[in-house]
Structures are given as structure tokens and as C-alpha cells.
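Owing to the predicted nature of the structure, the values given are computational and were not obtained by experimental measurement.
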Amino acid sequence: MKQFLRWIILGGTLFFLGKALKDNWIGVTAIRIDGVGWAIIAIATGVTLLAHTWAGWIWTWILQELNQSVSSPQFIQVYLKTNIAKYLPGNIWHHYGRIVAAKNANISAGAATLSVLLEPLLMLAAALIIILLCSSQFTTANTNLVLQILQFLSLAVVLCAIHPRFLNPVIRFLYRLKAKKSAATTQPTIPFNLKKYPLRPLLGELGFMGLRATGFILTMSALGSLSANQIPLLLGAFSCAWLLGFVIPGAPGGLGVFEATAYQLLQHHFPSALVFSAIALYRLISILAEIAGAALAWLDEHLAKS
């Protein structure tokens, strides 16, 4: 059933995007990028690469919050090298690669696993904060209040879930359950614990979302002119599209879902052909940045060993 649902979601989003391309084909082919536009696209690629590098650094903060001693350069390399694996079917292999790499670096299995579970929760919280601040830009007056209430409740749930008062009992329960299944004869000692609220990683994820959105906004500006009062709209729409692509199953790396959501939110505020071209180009920029990040991390690791 889960596999069937994934295919339904993927097929639906591809059909939607295919229809959007058909409807805007003439406008898309009419778009031209000049020298300044290509320079802006190069900057957008660099900003997106910086965002992924920054996310790797935040991962080391999360591990430090769990009382684990880590080498920031080493773990940023791991993060960048595994990031591209999120496009594989299942959308879990980048997490698996990070857990394995952390265990190989003498990080406890529990802390490694918890770190890759906390990271997406913090990303979701950051995206919800931005959406809550900017949702009035891309919703109607009739739906704005309802959506804001739902967004606030979702944000409250996520923020509570990462609070030590709620998270640490779950950690202890799961650790005892694991020890019981292993037929342990003594009460296990908890090897890791969240001592305080992970505020620094949460603020870091806000920076990550801001950098990712900046890359998208730059891509839009490379294809057409933008005004300053449109930036909150783009920031909120990007965060909403990113969040749905992140949480909806069947979309590795948000592929398809992000594009369909961004197009739906922005097509009434910008020319449809411009929106479609920008989201397609940004997907290419994002993949290129992730490939470049993995390649640079591998090269840096290889040079350090030689």
C-alpha cells in the first residue's frame, strides 16, 4: 500500500508538471538568459552549496548537544558525501550513510541515530517558523486564519517534540526496550542525553532555510526582474514547497512535489512561464550544488590522506 501511494504521488505530480509545461511551452522557450543572468545563476549555485555545507556544520552541533565529541571538518565531509543519496528510492540512504560514518568515528549508535532524527525535526521547525511569518503573502483572507492556526499547532508539536523534557523519556524508553530485547541482565546506563533545548541548532536551521530560499530567489531574479516587496512571498512559498517535498512520501529529495507546490503558490503572482522555468532551473542548480559538495568533500578527504 505504501509503495502504491508513492507511485500515485509521483505520477500525479509528474502529470501536473507535464501539463504546466504544455500550457506554458511558448513562454518557457521565449525566456532568454543574458550574461548577468548567468552570473546570478552561478551565485545561486554557490549559495546553495553553502547552504548544504552549513547544514553539515549544524549536524555537528546536534551531535555536540548529545555530548558527543566530533571533528567538524570530518563530519561536514560525511554530510556532503551522503547528501546526494537522498535521491535514491526510499529517501533514507543519506541518513543511513551518516549513521554508519558516525559509528565508525566512535560515536554511539544511539546518538548517531538520534542526531539524524533530530536534524529533520529542526529543519521542519525552521520551515514552519518562516511559513508562519510569511503565509499571509500567498494565502487568501478566507483561508489565512485557518492555515495560520494549523501552522502554529504543527510548529508547537515539533518544538515540544525536541524539548528535553519530552525527548529524553523517549530516549530512555527506547534504550531500555533495546536492552530488554538484547536480554540484558542489568539496568542500562543511558550513554547520551539532551541536556538543554537545542536552540543553537534550531537557529542554524533557520539560516539553512534562508540560504536555500536565497538560492531560489536568485534563480527567479536571473530570469526576470523582482521587487523587494516580493521577497517575503518567495521566501514563504519556497519554505512551504520545501516542507511538503520533505514530508510527503514517494518523492526522493522532494522531486516533483517541491516543483508542483512552488508552481501552484506562485503562478498567480508571477508569469507562469517564468515560475515554471525558475523551479526547473533551481532543481538543476540544487542537484549540481549537491554533486559539487560531494565531489569537493571527497577531494578534500583524499588530499588530507595523501
Side-chain angles (χ1 to χ4, degrees), residues 50-76 78-79 82-83 92 94-95 98-99 101-103 105-135 147-179 188-214 235-236 238-240 242-244 246-247:
L50 176 61
H52 292 301
T53 306
W54 177 254
W57 196 12
I58 297 171
W59 182 41
T60 68
W61 297 356
I62 296 172
L63 286 166
Q64 289 166 3
E65 294 283 344
L66 296 172
N67 304 312
Q68 304 297 311
S69 178
V70 298
S71 168
S72 294
Q74 177 188 357
F75 278 75
I76 291 173
V78 169
Y79 191 94
T82 56
N83 207 35
I92 61 168
H94 54 308
H95 295 313
R98 289 164 195 166
I99 292 172
K103 288 169 62 178
N106 296 322
I107 301 296
S108 72
T113 303
L114 183 59
S115 72
V116 301
L117 293 176
L118 271 176
E119 186 207 17
L121 285 175
L122 290 166
M123 285 183 173
L124 288 176
L128 283 168
I129 290 171
I130 295 174
I131 293 170
L132 196 60
L133 293 174
C134 302
S135 62
L147 284 176
Q148 283 190 334
I149 292 173
L150 290 175
Q151 291 157 7
F152 180 80
L153 290 175
S154 300
L155 177 60
V157 170
V158 174
L159 292 178
C160 289
I162 59 178
H163 194 285
R165 179 170 294 181
F166 298 99
L167 187 61
N168 287 338
V170 174
I171 295 173
R172 288 192 290 269
F173 171 77
L174 293 176
Y175 191 72
R176 292 187 184 116
L177 185 63
K178 181 181 178 181
T189 302
I190 307 303
F192 59 93
N193 212 13
L194 197 61
K195 298 296 185 183
K196 59 182 180 179
Y197 196 85
L199 181 60
R200 186 173 70 144
L202 177 59
L203 294 176
E205 297 296 1
L206 280 170
F208 167 76
M209 289 302 304
L211 287 170
R212 290 298 306 272
T214 299
L235 179 61
F238 173 87
S239 299
C240 186
W242 180 92
L243 185 145
L244 289 179
F246 191 74
V247 301

Quiz prompt | Parallel, tilted or perpendicular: ring planes of Phe246 versus Trp242, cut at 30 and 60 degrees | solution =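 The rings of Phe246 and Trp242 lie parallel, inter-plane angle below 30°.
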
With sequence neighbours left out, write down each residue that passes side chain to side chain donor-acceptor pair (under 3.5 Å) with [X], or none if nothing qualifies.
X: Thr82; result: Arg98
X: Ser239; result: none
X: Trp59; result: Ser115

Can you give me the closest heavy-atom contact between [X] and [Y], atom names plus distance?
X: Gly207; Y: Trp54; value: C-NE1, 4.0 Å
X: Cys134; Y: Leu235; value: SG-CD2, 4.2 Å
X: Leu63; Y: Ile107; value: CD2-CG2, 4.2 Å
X: Ala125; Y: Val158; value: CB-CG1, 3.7 Å
X: Gly56; Y: Tyr79; value: CA-CG, 3.4 Å
X: Ala101; Y: Val78; value: CB-CG1, 3.5 Å

Separation of [Y] [atom2] from [X] [atom1] (nearest 0.5 Å):
X: Phe238; Y: Leu243; atom1: CZ; atom2: CG; result: 11.0 Å
X: Leu133; Y: Leu128; atom1: CG; atom2: CG; result: 11.0 Å
X: Leu244; Y: Ile131; atom1: CG; atom2: CD1; result: 7.0 Å

Donor-acceptor contacts, no H, no angles, side chain residues 194-205, under 3.5 Å, sequence neighbours left out:
from   : atom 1 : to     : atom 2 : distance (Å)
Tyr197 : OH     : Leu159 : O      : 2.9
Arg200 : NH2    : Gln64  : OE1    : 3.2

Residues that [X] engages under side chain to side chain contact (heavy atoms under 4.5 Å, CB included), provided they are two or more places apart:
X: Ala161; value: none
X: Ala51; value: Phe208, Leu211, Arg212
X: Phe152; value: Leu132

Pairs in or reaching into [range]: which pass salt bridge (Lys or Arg N to Asp or Glu O under 4.0 Å), with residues at least two apart or in two chains?
range: residues 147-165; value: none
range: residues 50-74; value: none
range: residues 124-134; value: none

Practice problem: Kindly determine whether Phe75 and Gln68 satisfy side chain to side chain contact (heavy atoms under 4.5 Å, CB included), including the steps that lead there. | Solution: CA-CA 12 Å; Phe75 278 75; Gln68 304 297 311; over 6 Å; no

Quiz item: Are Ile58 and Leu122 close enough, and set up right, to give a side chain to side chain contact (heavy atoms under 4.5 Å, CB included), and what steps lead you there?
Solution: CA-CA 10 Å; Ile58 297 171; Leu122 290 166; 5.5 Å; no

